[in-house]
Structure formats: C-alpha cells, structure tokens
Amino acid sequence: MSRLAAGVVLVTAHDPDEGPRGEDVGMTATAFLSVSLDPPLVMVSLRDGSRMDDLLAEQPLWGVSILAEGQRQIAGRFAMKGRVSDRLLFADIPTVRGAASGALLVGGALATLECRTEQRVAAGDHTLVIARVLTVGFPGGDGGPLTYFRGNYRHLS
C-alpha cells in the first residue's frame, strides 16, 4: 500500500472533558476520503485504541484540514509516536476554532471541513468513521496538496 499516493489531512477534535477549558487533539491521516456527495459524507480510518479513536467514540463533532504542500511540518508533528502534548504541538500553528465543531482548523490549509459522526464501522485493527460534512472552508487558496507516497511526504509535480 506504500505505492498508493494519498492526500494528507489533520483530523482535529476538542475534548471538553480534559481540564477546565478542555483540550484540543490532532492526528495526521492519509486514509481519508469522500464517501457521498448527497448527503455530503466523508470517512477517516482510525487505529483502534488511538487517542483520536477513543475521543471520536465520545465526541461526534470534529474537523479536518486538508494540508497544502507547504504544511509538511504540521503533518510530521501530529504523526509522531510518543509525542509531547497536543497543546504544545498546536502552539505556533495558525488555527481558527470551527463554529460548528469547536475543533481547531489549520490556517493556510487547502480546505477545511467540520463533521458530525454518523456511523462507526469496525474494520480489522481500525475503525472507519463516517461523518456528515457540516461546513466547508477554503482558507489556503489554490496551491498544491501535500501527499504521502512510499513512506515520505511529497509534492505533486
């Protein structure tokens, strides 16, 4: 599967149960796709037992930022294993809080989506989360997408 090129997104959600103001959580994903145009549905695949899988089992509202080719550092930060707290990872990234989801959305992304989970499907060691798209934004203009191919982040040429 490393030979299948994939777009790179940052999936985000706000965990209201963590502390007095809650905590923002992010995860890099390459298994994200459009499922349906009518109604507008998308799907992300989450590793069972991951922090995002656990959070989205409880929190139905979440966001997606489709990363631009210049946002490789963001993708790498949120893909690290054994990383520091997400609060520190978000610290110097320009974001806005989505009005519908409360999730952080990345400035300069090619597109942002706010979603509400409609279905969770167990699939091997992952959970497929199917969600309705609530809002769409285009904060980053018309640049190229960040892609992942053969174990590395790439630019389309």
Side-chain angles (χ1 to χ4, degrees), residues 1-14 24-47 50-53 55-56 59-81 83-84 86-121 123-157:
M1 295 309 296
S2 70
R3 299 205 178 220
L4 176 64
V8 183
V9 303
L10 184 67
V11 177
T12 55
H14 184 74
D24 296 301
V25 178
M27 180 200 86
T28 300
T30 56
F32 177 79
L33 59 98
S34 172
V35 173
S36 168
L37 292 178
D38 187 19
L41 299 174
V42 294
M43 184 195 78
V44 66
S45 178
L46 305 174
R47 184 177 39 82
S50 67
R51 182 165 185 201
M52 190 62 73
D53 181 43
L55 178 55
L56 294 190
Q59 166 60 282
L61 299 172
W62 45 283
V64 175
S65 298
I66 300 174
L67 298 180
E69 59 192 357
Q71 296 179 312
R72 178 180 181 165
Q73 181 182 15
I74 295 171
R77 271 187 202 188
F78 287 90
M80 290 185 302
K81 294 190 185 332
R83 62 188 198 215
V84 297
D86 285 13
R87 180 177 295 116
L88 296 174
L89 296 178
F90 279 114
D92 63 346
I93 297 172
T95 60
V96 297
R97 191 164 300 282
S101 67
L104 292 180
L105 303 170
V106 176
L110 292 180
T112 58
L113 310 170
E114 291 183 272
C115 305
R116 183 186 64 237
T117 300
E118 296 216 338
Q119 187 175 4
R120 292 173 56 87
V121 178
D125 60 359
H126 279 64
T127 300
L128 307 178
V129 180
I130 300 169
R132 182 177 297 259
V133 176
L134 304 174
T135 69
V136 177
F138 302 100
D142 295 327
L146 181 61
T147 58
Y148 193 74
F149 179 68
R150 296 182 79 175
N152 292 297
Y153 295 110
R154 311 273 181 146
H155 300 262
L156 288 181
S157 53

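Residue numbers run from 1 in the order of the sequence given.
- At least one side-chain heavy atom of Arg51 sits less than 4.5 Å from a side-chain heavy atom of Val25.
- Two residues are said to be in side-chain contact when any heavy atoms from C-beta on lie closer than 4.5 Å; Ser101 and Leu134 fail this criterion.
- Under the 4.5 Å side-chain criterion, counting only non-hydrogen atoms from C-beta, Val9 is in contact with Val64.
- Note on residues 128-137: pairs passing salt bridge (Lys or Arg N to Asp or Glu O under 4.0 Å), not counting sequence neighbours, are Glu118-Arg132.
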Yes or no on side chain to side chain contact (heavy atoms under 4.5 Å, CB included) for Leu113 and Val42, after CA distance, side-chain angles and deciding distance?
-> CA-CA 10 Å; Leu113 310 170; Val42 294; 4.2 Å; yes
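- Listed here is the closest heavy atom pair of Leu105 and Gly63: CD2-CA, 4.0 Å.
- Listed by chain and residue number, Asp53 satisfy the salt bridge (charged side-chain N to carboxylate O under 4.0 Å, His left out) test with Arg120 (two or more places apart in sequence, or in another chain).
- In this structure, the side chains of Leu89 and Met80 come closer than 4.5 Å at one or more pairs of heavy atoms.
- A donor-acceptor pair is defined here as one N or O able to donate and one able to accept, closer than 3.5 Å; no such pair exists between the side chain of Ser2 and the backbone of Arg150.
- Evaluation of the side chain to side chain donor-acceptor pair (under 3.5 Å) rule for Ser50 yields no partner, not counting sequence neighbours.
- Residues passing the side chain to side chain donor-acceptor pair (under 3.5 Å) test with Asp125, sequence neighbours excluded: none.
- Going from atom CE of Met43 over to atom CG of Leu33 covers 4.0 Å, rounded to the nearest 0.5 Å.
- For Phe90, the ring pair (Phe, Tyr, Trp, His ring centres under 6.0 Å) partners at least two apart in sequence or on another chain are Phe78.
- Atom-to-atom distance recorded for Ile93:CD1 and Gln73:CD is 7.5 Å, nearest 0.5 angstrom.
- The pair Arg77-Asp92 counts as a salt bridge, with a side-chain nitrogen and a carboxylate oxygen less than 4.0 angstrom apart.
- Expressed to the nearest 0.5 Å, how far OG1 of Thr28 lies from CG of Leu10 amounts to 5.5 Å.
- For Gln59, there are no side chain to side chain donor-acceptor pair (under 3.5 Å) partners at least two apart in sequence or on another chain.
- Listed by chain and number, the residues in a side chain to side chain contact (heavy atoms under 4.5 Å, CB included) with Ala6 are Thr30 (sequence neighbours excluded).
- Under the rule for a salt bridge (charged side-chain N to carboxylate O under 4.0 Å, His left out), Arg72 has no partner lying at least two apart in sequence or in another chain.
- Residue pairs meeting the salt bridge (Lys or Arg N to Asp or Glu O under 4.0 Å) criterion with at least one partner in residues 95-114, sequence neighbours excluded, are Asp24-Arg97.
- Using a 4.5 Å heavy-atom cutoff, the side chains of Tyr153 and Leu67 are not in contact.
- Taking Asp38 as the reference, nothing meets the salt bridge (charged side-chain N to carboxylate O under 4.0 Å, His left out) condition, with sequence neighbours excluded.
- Within the structure, salt bridge (Lys or Arg N to Asp or Glu O under 4.0 Å) pairs that include any residue of residues 26-35 do not occur (at least two apart or interchain).
- To the nearest 0.5 angstrom, Ile66 atom CD1 is 12.0 Å from Leu146 atom CG.
- Between Thr112 and Val106, the closest side-chain pair of non-hydrogen atoms is not below 4.5 Å.
- Taking Ser36 as the reference, nothing meets the side chain to side chain donor-acceptor pair (under 3.5 Å) condition, with sequence neighbours excluded.
- Side-chain atoms of Thr12 and Trp62 form no donor-acceptor pair, as typed in the model, at a separation below 3.5 Å.
- Leu41 is not listed as a side-chain neighbour of Val133, based on a closest heavy-atom distance of 4.5 Å or more.
- With contacts defined as side-chain heavy-atom distances shorter than 4.5 Å, the pair Val121/Thr127 does not qualify.
- In terms of heavy-atom proximity, Gly108 sits nearest to Ala68 at O-CB, 3.8 Å.
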